[in-house]
Amino acid sequence: MDVTTDANAPWLIVGLGNPGPEYAMNRHNVGFMVADLLAERIGGRFKRAGRAQAQVVEGRIGPPGPGNHRVVLAKPMSYMNLSGGPVNALREFYKVPVAHVVAVHDELDIDYGVLRLKLGGGDNGHNGLKSMTKAFGAEYHRVRFGIGRPPGRMQVADFVLKDFSGAERKELDYFVDRAADAVECLVIDGLVRAQGTYNS
């Protein structure tokens with residue numbers, strides 16, 4: 001498994017979600033929302049990535065000089081449970097080490113809006129992570145965006161594929177903005193600094 005961390009290697013930041021307007025505001029698509037904001041910040045627009053089943057934006061994050069990092073933002077267009085194939089194709093094309101891959105995804109076991117950053121670990125039943133881990137191993141970074149547990153007896157699959165509630169949407173822009181900040185901090189300053197600042 002490729003776990004090298006060449007400081008000059010690009011970063012591949014993957015927002016996980018499902019393609020199509022019917023899924024756009026689903027809880028499961030918060031990774032896409034963060035990726036869209038990061039693309040806006042670097043002044044890029046998503047476009048189809050050659051043969052890979054994904055949309056990408058290439059750019060740089062950080063101040064001029066040594067703190068500036070080349071990044072590839074990606075949104076797999078394969079549906080969540082098949083994310084690993086497109087992500088691995090991009091990883092190989094851009095020569096990104098596994099440790100420079102960042103998955104931004106929804107997390108059921110964390111309260112709404114709370115962030116947790118980590119390197120490696122299990123998939124906790126998340127099909128996007130499961131597919132990525134199967135494709136190239138588990139030693140990639142995760143920015144976990146809390147969506148909380150489903151209310152009452154609602155099934156998890158129904159909950160994640162529902163839009164954020166009206167109450168949640170009032171704070172959603174703030175939380176997405178904070179998650180994008182956390183991704184930038186991870187790339188520029190490293191995991192420990194980002195965890196200290198954004199893990200709450």
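Here the shortest heavy-atom pairing between S83 and S131 reads N-OG, 3.4 Å. Heavy-atom minimum distance, A9 versus P97: CB-CD, 3.5 Å. Nearest heavy-atom pair across A24 and N29 is O-CB, 3.8 Å. Looking at every heavy atom in both residues, R27 comes nearest to D106 through O-CB, 3.5 Å. Heavy-atom minimum distance, V57 versus G44: CG1-CA, 3.7 Å. Of all non-hydrogen atoms in P76 and L16, the two that sit nearest each other are CG-CD2, 4.3 Å.
Under the 4.5 Å side-chain criterion, counting only non-hydrogen atoms from C-beta, L129 is in contact with H105. Contact annotation: the side chain of F159 approaches that of L108 to within less than 4.5 Å [non-hydrogen atoms, C-beta and beyond].
The line from CG of L115 to OG1 of T197 is 11.5 Å long, rounded to the nearest 0.5 Å. From L37, atom CG reaches atom CZ of R41 across 4.5 Å, with rounding to the nearest 0.5 Å. Between the CD atom in Q55 and the CG atom in D36 there is a gap of 8.5 Å [rounded to 0.5 Å]. Taking CZ of R70 as the start and CG of L12 as the end, the distance is 10.5 Å to the nearest 0.5 Å. The distance from atom CZ of R169 to atom CZ of F175, rounded to the nearest 0.5 Å, is 14.5 Å. Atoms CG and NZ, from N88 and K134 in turn, are 12.5 Å apart once rounded to the nearest 0.5 Å.
The local environment of CZ in F93 is sparse, with at most 12 non-hydrogen atoms from other residues, nucleotides or ligands closer than 6.0 Å. Other residues, nucleotides and ligands place more than 12 heavy atoms under 6.0 Å from the CD atom of E22. For K118, the NZ atom counts as densely surrounded, since its 6.0 Å shell holds more than 12 non-hydrogen atoms of other residues, nucleotides or ligands.
The backbone N or O of E107 lies less than 3.5 Å from no partner atom in the side chain of R144, so there is not a single donor-acceptor pair.
In this structure, a donor-acceptor pair under 3.5 Å is present between the side chains of Y94 and E58. Side-chain contact of D109 with N124: a donor-acceptor pair under 3.5 Å is present, judged by distance alone.
Ring geometry for Y112 against F164 counts as tilted: the plane angle lies between 30° and 60°, on a 0 to 90° scale. Relative orientation of the W11 and H100 rings is parallel, given thresholds of 30° and 60° on the angle between their planes.
A cation-pi arrangement is present between R142 and Y140 under the rule of less than 6.0 angstrom and at most 45 degrees off the ring axis. Cation-pi contact between R91 and F136: present, with separation from the ring centre below 6.0 Å and deviation from the ring axis of at most 45°.
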Open item on the list: Using the rule given for side chain to side chain contact (heavy atoms under 4.5 Å, CB included), can you reason through V72 versus L90, listing the C-alpha separation, both sets of side-chain angles and the distance that settles it, and then say yes or no?
Closed with: CA-CA 9 Å; V72 179; L90 293 172; 5.6 Å; no
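By the side chain to side chain contact (heavy atoms under 4.5 Å, CB included) test, N68 pairs with R60, sequence neighbours left out.
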